[in-house]
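Proteins come first, then strands; the chains are lettered A, B, ... in the order of their sequence lines, and each starts at number 1.
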Amino acid sequence: MMASCKKASQLLSQGQDRRLGPLERLRLAAHLAICDRCRRVGRQIEFLRLAVQRFRDRD
Amino acid sequence: MSASAADIDIHRPYLLRYARLHLANPAQAEDVVQETLLTALEGGERFSGRSSLRTWLTGILKHKIIDQIRRSRREQPLADDDQSEADAVDALFAADGHWREAPGDWGNPESALDNGRFWQAFELCLQRLPARTAEVFRMREVMELSTEDICKALDISTTNCWVMLHRARLVLRECLQITWFDDAAKNK
């Protein structure tokens, strides 16, 4: 079990940059299952990637 | 197969905008775009027609930008980000590692992408990132380089790279929360 949102946010971020290991994925999933705040931040981090790409490509 | 000068020149404004996302110095941005167009015209790198012309030109431009960033860093290394910036992530969490303040609900954030004012807020938030953090973040998200390639180009460790990307994302998230999504929720 991973109680820390800080640690979860690190994994959410690194998940954008590398493939997380099986244990990391398990721990993150367990945390997200009980933490709606981190679920929210996970979606927002994904949105940031989309937003930067739109920002770059807008004419 | 080669692309004509006119075909290539159409993409100049896009390439310049792209270069300026990475290079604060406008003259440097102009230079790398100029070099890119020359390289493309000379056909030193051939356009195969497999990708779009813009994608191909952007590929050449990326290499020129990375070279320029490396040259600049050799001549004048960026100062490390302030410790206060490094602490910005810590400030978001309580001592037990939980969010100090609950991250707000962004609803359907994609709807902001059509709003010109959102892009102003977005640009300001990007500019507020500390210099080194911003550099790594832009190489990762604008150029879409792998962290390995970023580490090689900037000569930093992978761990350092991840720490800076984590910081960039959380600080950017926080800035957008305050400057855009909090207000958007109020105005609903």
Side-chain angles (χ1 to χ4, degrees), chain A, chain B residues 13-14 17-18 21-22 54 58 89-90 92-106 108-110 112-114 116 118-119 122-123 125-126 136-138 140-148 150 158-159 161-170 172-174 176-177 180-181:
Chain A
M1 224 347 270
M2 175 172 54
S4 160
C5 297
K6 188 175 177 181
K7 181 70 194 161
S9 76
Q10 285 167 353
L11 289 180
L12 285 170
S13 178
Q14 288 180 27
Q16 299 274 303
D17 307 317
R18 65 179 175 92
R19 185 163 166 75
L20 299 179
L23 194 61
E24 289 173 320
R25 270 180 282 152
L26 208 62
R27 290 171 72 193
L28 181 59
H31 181 85
L32 294 181
I34 56 156
C35 183
D36 56 352
R37 295 174 175 192
C38 286
R39 278 203 300 278
R40 204 175 255 185
V41 168
R43 284 196 299 273
Q44 292 170 353
I45 283 178
E46 285 172 18
F47 169 75
L48 290 181
R49 171 156 291 177
L50 174 73
V52 173
Q53 289 170 4
R54 288 289 184 85
F55 182 71
R56 178 192 66 198
D57 295 337
R58 91 211 131 104
D59 284 311
Chain B
Y14 173 81
R17 263 179 23 81
Y18 191 105
L21 283 172
H22 294 280
R54 185 157 101 170
T58 308
V89 166
D90 288 337
L92 298 173
F93 298 95
D96 64 1
H98 285 88
W99 296 101
R100 199 177 284 280
E101 218 173 303
D105 183 0
W106 288 6
N108 172 25
E110 284 79 8
L113 298 174
D114 296 323
F118 171 74
W119 291 119
F122 191 76
E123 191 162 14
C125 286
L126 273 181
V136 172
F137 182 72
R138 286 188 307 243
R140 178 75 189 105
E141 300 296 346
V142 180
M143 278 202 242
E144 300 183 70
L145 298 183
S146 68
T147 43
E148 289 79 9
I150 298 171
T158 317
T159 309
C161 210
W162 284 331
V163 168
M164 285 202 269
L165 288 169
H166 178 234
R167 182 189 311 152
R169 289 174 179 130
L170 290 194
L172 190 55
R173 196 217 72 79
E174 182 74 6
L176 287 175
Q177 179 76 57
W180 183 262
F181 288 103

*Go through the steps for B:His166 and A:Gln14 under the test side chain to side chain contact (heavy atoms under 4.5 Å, CB included), then give the verdict.*
CA-CA 7 Å; B:His166 178 234; A:Gln14 288 180 27; over 6 Å; no
_As an exercise: rank B:Phe118, B:Tyr18, B:Phe122 by heavy-atom pairs under 4.5 Å with chain A and give me the winner._
B:Phe122
*Using non-hydrogen atoms only, which part of A:Phe47 is less than 4.5 Å away from chain B: side chain, backbone, both, or neither?*
side chain
*Identify which part of B:Glu110 has an atom lying under 4.5 Å from any heavy atom of chain A, answering side chain, backbone, both or neither.*
both
*What part of B:Leu165 gets closer than 4.5 Å to chain A, counting heavy atoms only: side chain, backbone, both or neither?*
both
_Using side-chain heavy atoms (C-beta onward) and a distance below 4.5 Å, is B:Leu170 in contact with A:Ser9?_
yes
*asked:* Can you tell me which portion of B:Leu126 sits under 4.5 Å from chain A's heavy atoms? Options are side chain, backbone, both or neither.
replied: side chain
_Engaged part of A:Arg37 at the chain B interface, taking heavy atoms whose separation is under 4.5 Å_ = both
_Between B:Tyr14 and A:Asp57, does the side-chain hydrogen bond (donor to acceptor under 3.5 Å, both in side chains) criterion hold? Intermediate values first, please._
CA-CA 8 Å; B:Tyr14 173 81; A:Asp57 295 337; 2.9 Å; yes
_Rounded at 0.5 Å granularity, tell me how far CD in B:Glu141 sits from CD in A:Gln16._
6.5 Å
*A:Arg43 versus chain B, heavy atoms under 4.5 Å apart: side chain, backbone, both or neither?*
neither
*Between the main-chain N or O of A:Gln44 and the side-chain N or O of B:Arg173, is there a donor-acceptor pair closer than 3.5 Å?*
no
*B:Trp119 ring centre to A:Arg54 NZ or CZ under 6.0 Å, with the angle to the axis within 45°?*
no
*Quick one: salt bridge (charged side-chain N to carboxylate O under 4.0 Å, His left out) partners of B:Arg138, sequence neighbours excluded?*
none
*Less than 4.0 Å between a side-chain N and a carboxylate O, is that true for B:Arg169 and A:Asp17?*
yes
*Below 4.5 Å from any heavy atom of chain B, which atoms of A:Leu50 appear? Answer side chain, backbone, both or neither.*
side chain
